[in-house]
Each structure stands twice: as structure tokens, then as C-alpha cells.
Undergrad: 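Please read through the structure below; I'll follow up with questions.
All values reported here derive from a predicted model rather than from experimental measurement. Numbered from 1 within each chain, the chains take letters A, B, ... in sequence-line order.
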There are 2 protein chains.
Amino acid sequence: MISVAIVDDDPIVCSSIGTILTATGTAQVLWSAHDGETAVANYRRHAPDVLLIDVQMPGIDGLEAAARILRGDPDARILILTTFADPDYIRRAIDLHTKGYLIKQDVASVVPAVQAVMAGQVVLGAEVLGQLPLHVAPREGGAPGESVGEDPRFAVLTDRERGIAALVAEGLDNREIAGRLYLSEGTVRNRISDILAKTNISNRTKLAVEWLACH
Amino acid sequence: MISVAIVDDDPIVCSSIGTILTATGTAQVLWSAHDGETAVANYRRHAPDVLLIDVQMPGIDGLEAAARILRGDPDARILILTTFADPDYIRRAIDLHTKGYLIKQDVASVVPAVQAVMAGQVVLGAEVLGQLPLHVAPREGGAPGESVGEDPRFAVLTDRERGIAALVAEGLDNREIAGRLYLSEGTVRNRISDILAKTNISNRTKLAVEWLACH
DNA sequence: CGCGCATTGTGACATTTGTCACCACTGCTT
DNA sequence: AAGCAGTGGTGACAAATGTCACAATGCGCG
């Protein structure tokens, strides 16, 4: 039987997650805690198979607690639970090598997540991948009061065109873009040609530069 | 009851995955196929809740098939199965917005994966995250006194080459650069060719992107 | 001085990129 | 039903880019 521990400052959340896990026969709850320090201390004495831990908590937050636990036990299976798909949190969770980052919405969804983690997989909430900076590292803000917004120049582009423009801005050539998007190279050329015409930019390098300047 | 379809060129794999899913009461197998074309055609007529598809296959591969299916049904829940954690495959799978990328090792592990996907999550094999090129966004805020420095990549360049690289990073084409520096266009081409060779960068757009990333 | 290096240049060539005309399909609106 | 925008595709062609071989100049250095 899988054993889990649940850490969330809201006792209701703890108990409802605990209930669904036990009621479905998925796992038994070894212990639960409501703050990070307690969680770390408990983990050292009674390590569960999977630790479910909230990010927002009084004292040290869930990610900090996860980091401390992983320092003592690098193989700890930790699932981060949270209400928001904050890119920074997600990033830190992944860097920590936690086994997942779930958006708390449907309590029942933790059941397959726990099972998947026990099967050696990593589970992410659906919106999470979109938040990952897999593409271009955003250039830092720079101008203080003034947020980047969106260059009106690119406003005329369709979603698809924007996607291709972003890949151009990663420095990919047409063949690479075609491969990435499963398109023919000819189509990529056509699309880029359209983009350049719409934005009144003369070549792909300028497009990349302009795109990076405001994304 | 969840319905799945299974696509793998090896019939043994298809049937063993099918067996474990039905035996555990997880899902019923709508159909299975052994190549990409058939899978795409079948999907259009009988869309399963979740499609499990292998990468390596005769004809169009699993990712290509997934791309075609997603073109017709952007919400298709597709799980990629494979033997290798190839970074390029993983990257492409994620770009396609498939619901997961599993390493085929333990047949039983598809069970929680399918359930997690039905719960709206994304499932990745354990080794997968490590393969992702999560190139660290130069999250500033780092050491204050210490500026970006200089990418060691550009350290080998001469002053002249650096000047030309900077103009490339402004998006100028060869004719414009030649005009700006009072050089012949041929010389500019040679210089840029040298820069690309020295820095091991494949084309001017990539050069521009890299240059901007650290200047 | 001779050597290496950076710089500028030419010409030829292969590859990549951009443009254009035209086709097919889908989903939406009129 | 017809029109339209968005998307994906082909083929041909022109222009830009990148590579290579080779040559000439100037500059600093042992």
C-alpha cells in the first residue's frame, strides 16, 4: 500500500485529499502537517512514499521545504500542489527535481497523479507546460515603469504566424522550424514571407531582433 | 468508461498494453493500429479519449501522426510512448501539446498515466525533464556588481569582427553593413563567415540572437 | 628581415532565404 | 450557396547568404 503525507495550511484541503486517497484505496495517509518546518521534521522520522505539499504556507514555503527534504533524501517523491501556475514556482519545482506540479482544482485528480509518481513518472498540471520558458528566454524588463506590452507591429499576425516568428527569434532556420512544427519547408517560407510583408520588415534577422526587443 | 486507442508497430506491445488497461478496469480499447497513417484515419472516424502512440514506426512516425491528428482535433489527448528519452523527440512532443511522453519500460505504468491524462494532467517519464533544454533565463537580480560579462563564445573574436557581429545583431543585411563600414559586400560576407566558424554558430540570425542574449 | 595576424578584396559556387502564382481544405460568415 | 480568412502545400525563380581558394596590404614582434 502506498503511503503519503499531506502538507497544506488548510486542514480542509488536507482532509479532503486524504479522504479521496483512502476512499479509493489508492494510499494511506502517514501523517499530515500545516507548515513547512513540521513537514521537514516529520519527513525525517517517517518518510512517506509520496509527499504532497502546498506552495503557499506560513513560515517556509512548500518549495523551500521540498528543497530541504531533497537535500536529505534526493530520491524523495514530492508533488507540489498549488492554486496558481506561476512560471517561477514551476521553474523552481522542476529545478528541484520534484515529481510534479499540480494545480489544485479537482481533488480527485491527485489520485492518478500519486499513482503515476509511484510508477516513476512526473506529473504536471495541464497549463504548466505552457508556462515553461522552453522557448526564448525573456529578455529582462529593462525600462522600469514601462512594460513591454506588444509591438503594434505584430498585432496583425495570426497565432500561427506569431508562433513561427517566435521560432525565427530563436535563430532556427527554415528546415528546423519545419521540423519543429511538422510543416514543409516551403510552407514555412511562405508563412515567413507573409509575416515580413505584414510587419513591413525586410528579412528574418531583423524580424528576430524586433521580436526579441518586445518579448 | 475511458476509451483508448493504441498504436505500435509491435502487436505484442499493443496487446499487452490493451490487456493491462482492460484487466485493471481502467479503460477499454477502441481500436489499435500498427502504423501512423492507419492511426490518423482511424482517429478521424473513432476518436478515443486517449491515444497511446509509439514514436518509432514504419511510414510516418508517431510524432508526425500526432501532429496530423492534433491539427484536426487540437484537444486530442495523445500520449507518446517510446523506448528512448531523446531530447529532440521530447521537445517536439511538448511543442505539439501532447499530454505526455512515457518511456516504455514497465507496461503497468501506462495505467496511472492514462488516468492522469483523463484528469487533465500531463505525464512525463522520469528522465524526461532532465533532457529538456530549459536554458536558464538570465533571471537578473543576480550579483549586482557583476554585469553579464561576455559570452566566452565571443571571446575569440577580433574587435573588427565584434563590430560586425553587433551590426548583424541590429538586423542589418550585408549590403547595409558594408555601407555602414565602407567595406565591400564580399568582405562582409567573409568576415561573417569567419565569425560563424569561430563561434560555431550556423547562421546570422542565430548569431544575432546569441549576441543580444548577452549584450 | 621574415613570420604571423588582422584586414580587405575578388570570383566562383552551393545553400538558404524570400517571392510569387496557384491549389486544396476547413471553419466561419453572409 | 458563396465568400473569406487561415492554414498547409507545390514549383519555379530571384536574391541574399555562406563557403572556399587565393591574393594583397600593413602592423607588430622576435
Undergrad: What does the B/S/- profile of nucleotides 23-30 of chain D look like, 5' to 3', with a 4.0 Å heavy-atom cutoff to protein?
TA: --------
Undergrad: Taking distance alone, no hydrogens or angles, what donor-acceptor pairs closer than 3.5 Å link side-chain atoms of residues 12-24 of chain B to residues at least two apart or in another chain?
TA:
from: Ser15(B); atom 1: OG; to: Pro11(B); atom 2: O; distance (Å): 3.3
from: Ser15(B); atom 1: OG; to: Ile12(B); atom 2: O; distance (Å): 3.1
from: Ser16(B); atom 1: OG; to: Ile12(B); atom 2: O; distance (Å): 3.1
from: Ser16(B); atom 1: OG; to: Val13(B); atom 2: O; distance (Å): 3.1
from: Thr19(B); atom 1: OG1; to: Ser15(B); atom 2: O; distance (Å): 2.7
from: Thr22(B); atom 1: OG1; to: Gly18(B); atom 2: O; distance (Å): 2.9
from: Thr22(B); atom 1: OG1; to: Thr19(B); atom 2: O; distance (Å): 3.0
from: Thr24(B); atom 1: OG1; to: Ile20(B); atom 2: O; distance (Å): 2.7
from: Thr24(B); atom 1: OG1; to: Leu21(B); atom 2: O; distance (Å): 3.2
from: Thr24(B); atom 1: OG1; to: Thr26(B); atom 2: OG1; distance (Å): 2.5

Undergrad: Evaluate side chain to side chain donor-acceptor pair (under 3.5 Å) for Asp35(B) paired with Thr38(B), printing each intermediate quantity in order.
TA: CA-CA 6 Å; Asp35(B) 68 281; Thr38(B) 313; 2.6 Å; yes
Undergrad: Check salt bridge (Lys or Arg N to Asp or Glu O under 4.0 Å) between Asp173(A) and all other residues, then give those that pass, not counting sequence neighbours.
TA: Arg175(A)
Undergrad: Does a side-chain N or O from Thr187(A) land closer than 4.0 Å to OP1 or OP2 of dG9(D), or not?
TA: yes
Undergrad: Taking CD from Glu161(A) and P from dA5(D), how many angstroms apart are they, rounded to a whole number?
TA: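 Whole-Å distance recorded here is 13 Å.
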Undergrad: How would you summarise protein contacts on nucleotides 15-21 of chain D per nucleotide, using B for base, S for sugar-phosphate only and - for none, with heavy-atom distances below 4.0 Å?
TA: --BBBB-
Undergrad: Report yes if some heavy atom in the side chain of Trp211(A) is under 4.5 Å from a heavy atom in the side chain of Val168(A); otherwise report no.
TA: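 The answer is no, as the side chains (C-beta and beyond) never meet within the 4.5 Å cut-off.
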Undergrad: Using a cutoff of under 3.5 Å, can you pull out all pairs of nitrogen or oxygen atoms linking the protein to nucleotides 26-30 of chain C, with atom names and distances?
TA:
none

Undergrad: For the pair Glu170(A) and Lys206(B), find out whether any cationic side-chain nitrogen is under 4.0 Å from an anionic carboxylate oxygen.
TA: no
Undergrad: OH of Tyr182(B) versus C1' of dT7(C): gap in Å, rounded?
TA: 18 Å
Undergrad: Regarding Arg180(B) and Glu176(B), does a basic nitrogen lie under 4.0 Å from an acidic carboxylate oxygen?
TA: no
Undergrad: Counting distance only, does the side-chain N/O of Arg162(B) pair as donor-acceptor with the main-chain N or O of Phe154(B) below 3.5 Å?
TA: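 Checked: pair present.
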Undergrad: Please produce a list of atom pairs where a protein N or O lies less than 3.5 Å from an N or O of nucleotides 3-6 of chain C.
TA:
none

Undergrad: Rounding to a whole Å, what distance do you find between Leu157(A):CG and dA5(D):P?
TA: 16 Å
Undergrad: Taking Arg204(A) for its side chain and Leu172(A) for its backbone only, find out whether a donor-acceptor pair lies under 3.5 Å.
TA: yes
Undergrad: Is the backbone N or O of Leu207(A) less than 3.5 Å from a side-chain atom of Glu210(A), with the two atoms forming a donor-acceptor pair by type?
TA: no
